[in-house]
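In what follows, a structure is listed as structure tokens, so that the remarks can point back to it.
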Amino acid sequence: MGIIVDKSTRVLVQGITGREGSFHTRIMLDYGTQIIAGVTPGKGGIRVHGVPVYNSVEEALRRHPEINTSIIFVPARYAPDAIYEALDNSIRNIVIITEHIPLHEMLRIVNYAKILGATIIGPNTPGIINPVDRVKVGIMPSRVFREGNIGIVSRSGTLTYEIAYALSLSGLGQSTCLGIGGDPIVGLDFIEVVKMFFEDEDTKAVVVIGEIGGDMEERLADYLKKRGIEKPIVAFIAGKTAPPGRRMGHAGAIISMGMGTARSKINALEDAGVVVAVTPTDVVKYLKKHL
């Protein structure tokens, strides 16, 4: 079953005629994702890989009311308008691939989505994949994933692929893999996704992939201390050797004023009872032992 996306997912691609939108639309279709329509203002009436394109989300929903999920490939300058257009047309699952959206815009978007009860994944995310139902809404390389019962939530796209591939090679598949995004302000956070995995009967264990910057991992640790650990959970934290004050990769991966270090995150998670792997290979070893 997995979380958020499944066989009932019907996708709208906003920015479908752009290079990235068109390229990943074809790959998502090849994987099995049900892409119903695309939107690019001024390009309505054409088709991209057989998918009809409309000038607006409203027009697409009027023709295809079954759409329930949108993926955003719109450039940062125009992405907020695209996201609001999806939200205001009752699309409640939105995956934002776009990066460099201004923080004040994302704060407004995240708060508005919460009021509406919508789920925002990203921005600056590789998206989400459910190997069980063959649904991918994002840009993850599907070849590294295989059907199984391990849930992965991550701030790092590359590490997600590396750890998922190591699990797959060892015979451990995944129920759902989700990248929450590398920007300082994102929609779903670790707590929300881990809670979903705990409640999903088809997910038997959870992998959390964190990195330096922010306090998302520490907040997850505090949540787990209060709620308790309901399923085997193992974490990996990237950036152990990163120097303070320098951004490493993601906009959110920066240590400042002594906060957000790898050590602070590792200590918090271990204090909550979470096993923190030293290497990606250790993640596999832990799960082999506990499943």
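Here, residue 1 is the first one in the sequence, and each next residue gets the next number.
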Does Lys7 offer a backbone N or O that forms a donor-acceptor pair with the side chain of Arg10 under 3.5 Å? yes
Any donor-acceptor pair under 3.5 Å linking the side chain of Asn55 with the backbone of Lys43? yes
Spacing of Phe236 atom CZ and Thr281 atom OG1 [to the nearest 0.5 Å]: 9.5 Å
Measuring only between side-chain heavy atoms, which start at C-beta, is Ile237 closer than 4.5 Å to Leu269? yes
Residues two or more places apart in sequence or in another chain: which of them pass side-chain contact (heavy atoms from CB on, under 4.5 Å) with Tyr112? Tyr84, Leu87, Asp88, Leu116
If we ignore hydrogens and angles and just use 3.5 Å, is the side chain of Asn130 paired with the main-chain N or O of Thr176 as donor and acceptor? no
I'd like to know if Tyr161 and Leu167 are part of one continuous hydrophobic network [Ile/Leu/Val/Met/Phe/Trp/Tyr, side-chain heavy atoms within less than 4.5 Å]. no
Among Arg219, Lys225, Lys226, which residue satisfies the side-chain hydrogen bond (donor to acceptor under 3.5 Å, both in side chains) criterion with Asp222? Lys226
Per the side-chain contact (heavy atoms from CB on, under 4.5 Å) rule, which among Val74, Asn124, Ile96 passes with Ile101? Ile96
Is the shortest heavy-atom distance from the side chain of Glu211 to the side chain of Leu159 under 4.5 Å? no
Do Thr279 and Asp282 pair up side chain to side chain, a donor and an acceptor below 3.5 Å, judged on atom types alone? yes
Pairwise side-chain contact, Val234 with Pro232, heavy-atom cut-off 4.5 Å (strictly under): no
Search all heavy atoms of Val284 against all heavy atoms of Leu172 and return the closest pair with its distance. O-CD1, 4.4 Å
With side chain to side chain contact (heavy atoms under 4.5 Å, CB included) as the test, would you mind laying out the steps for Val208 and Leu220 before giving the verdict? CA-CA 10 Å; Val208 175; Leu220 172 63; 4.0 Å; yes
I'd like to check Leu12 versus Tyr54 (side-chain heavy atoms, cut-off strictly below 4.5 Å). Are they in contact? no
Does Val137 form a side chain to side chain contact (heavy atoms under 4.5 Å, CB included) with Ile121? I'd like the steps, not just the answer. CA-CA 10 Å; Val137 185; Ile121 300 174; over 6 Å; no
Is Asn93 close to Val5 at the side-chain level, that is, under 4.5 Å between some pair of heavy atoms? no
Under 4.0 Å between a Lys/Arg side-chain N and an Asp/Glu carboxylate O for Lys195 and Glu192? no
Asn111 CG to Met106 CE distance, which is reported to the nearest 0.5 Å: 10.0 Å
Give the minimum heavy-atom separation between Leu287 and Val207, together with the two atoms involved. CD1-CG2, 3.6 Å
Decide yes or no for Asp202 and Val132: does some side-chain heavy atom of the first lie under 4.5 Å from some side-chain heavy atom of the second? no
Does the pair Phe198 and Val206 meet the rule for a side chain to side chain contact (heavy atoms under 4.5 Å, CB included), with working shown? CA-CA 8 Å; Phe198 281 172; Val206 179; 4.2 Å; yes
Residues Ile128 and Val95: closest non-hydrogen pair is CG2-CG2, 4.3 Å
N/O donor-acceptor pair under 3.5 Å between His24 side chain and Glu20 backbone: no
More than 12 heavy atoms of other groups within 6.0 Å of Arg63 CZ: no
Atom pair CD/CD1 of Gln14 and Ile97 - distance to nearest 0.5 Å: 12.0 Å
Return yes if some donor-acceptor pair links the side-chain N/O of Asn89 with the main-chain N/O of Ser56 below 3.5 Å, else return no. no
Thr25 versus Leu29: any side-chain heavy-atom pair under 4.5 Å? yes
Taking Asp6's backbone N and O only, do any of them form a donor-acceptor pair with Thr9's side chain (distance below 3.5 Å, no angle check)? yes
Nearest heavy atoms of Gly210 and Glu217, plus distance in Å: CA-OE2, 3.3 Å
Distance check, rounded to the nearest 0.5 Å: Ile185 atom CD1 versus Leu103 atom CG? 6.0 Å
Nearest heavy-atom neighbours spanning Ile163 and Pro280: CG1-CB, 3.8 Å
Of all heavy-atom pairs between Gln174 and Ser168, which one has the smallest distance, and what is that distance? NE2-OG, 3.2 Å
We want to know whether Ser264 and Glu218 form a side-chain donor-acceptor pair, criterion being a heavy-atom distance below 3.5 angstrom. yes
Nearest-0.5 Å distance that lies between atom CD in Gln34 and atom CG in Asp133: 11.5 Å
Same cluster (ILVMFWY, side-chain, under 4.5 Å), Val39 and Ile94: yes
Assess whether atom CD of Glu201 is packed by more than 12 heavy atoms of other residues, nucleotides or ligands within 6.0 Å. no
What about Ile139 and Ile4, same hydrophobic cluster or not, with Ile/Leu/Val/Met/Phe/Trp/Tyr joined at side-chain heavy-atom distances under 4.5 Å? yes
Output the distance between atom OG1 (Thr203) and atom CE (Met196), rounded to the nearest 0.5 Å. 11.5 Å
With hydrophobic residues grouped by side-chain heavy-atom distances under 4.5 Å, do Ile266 and Val274 end up in a single group? yes
Side chains of Val186 and Met216: does their closest heavy-atom pair fall under 4.5 Å? yes
Spell out, as yes or no, whether a donor-acceptor pair under 3.5 Å connects the side chain of Thr98 to the backbone of Ala76. no
Go through it in stages, so that I can follow the logic: the residues are Leu61 and Ile91, the test is side chain to side chain contact (heavy atoms under 4.5 Å, CB included), and I'd like the CA-CA distance, side-chain angles, deciding distance and then a yes or no. CA-CA 9 Å; Leu61 267 292; Ile91 297 177; 3.9 Å; yes
Do Tyr78 and Ile109 land in one hydrophobic cluster if side-chain heavy atoms of ILVMFWY residues count as linked below 4.5 Å? yes
Ignoring hydrogens and geometry, is there a side-chain-to-backbone donor-acceptor pair from Lys136 to Tyr31 under 3.5 Å? no
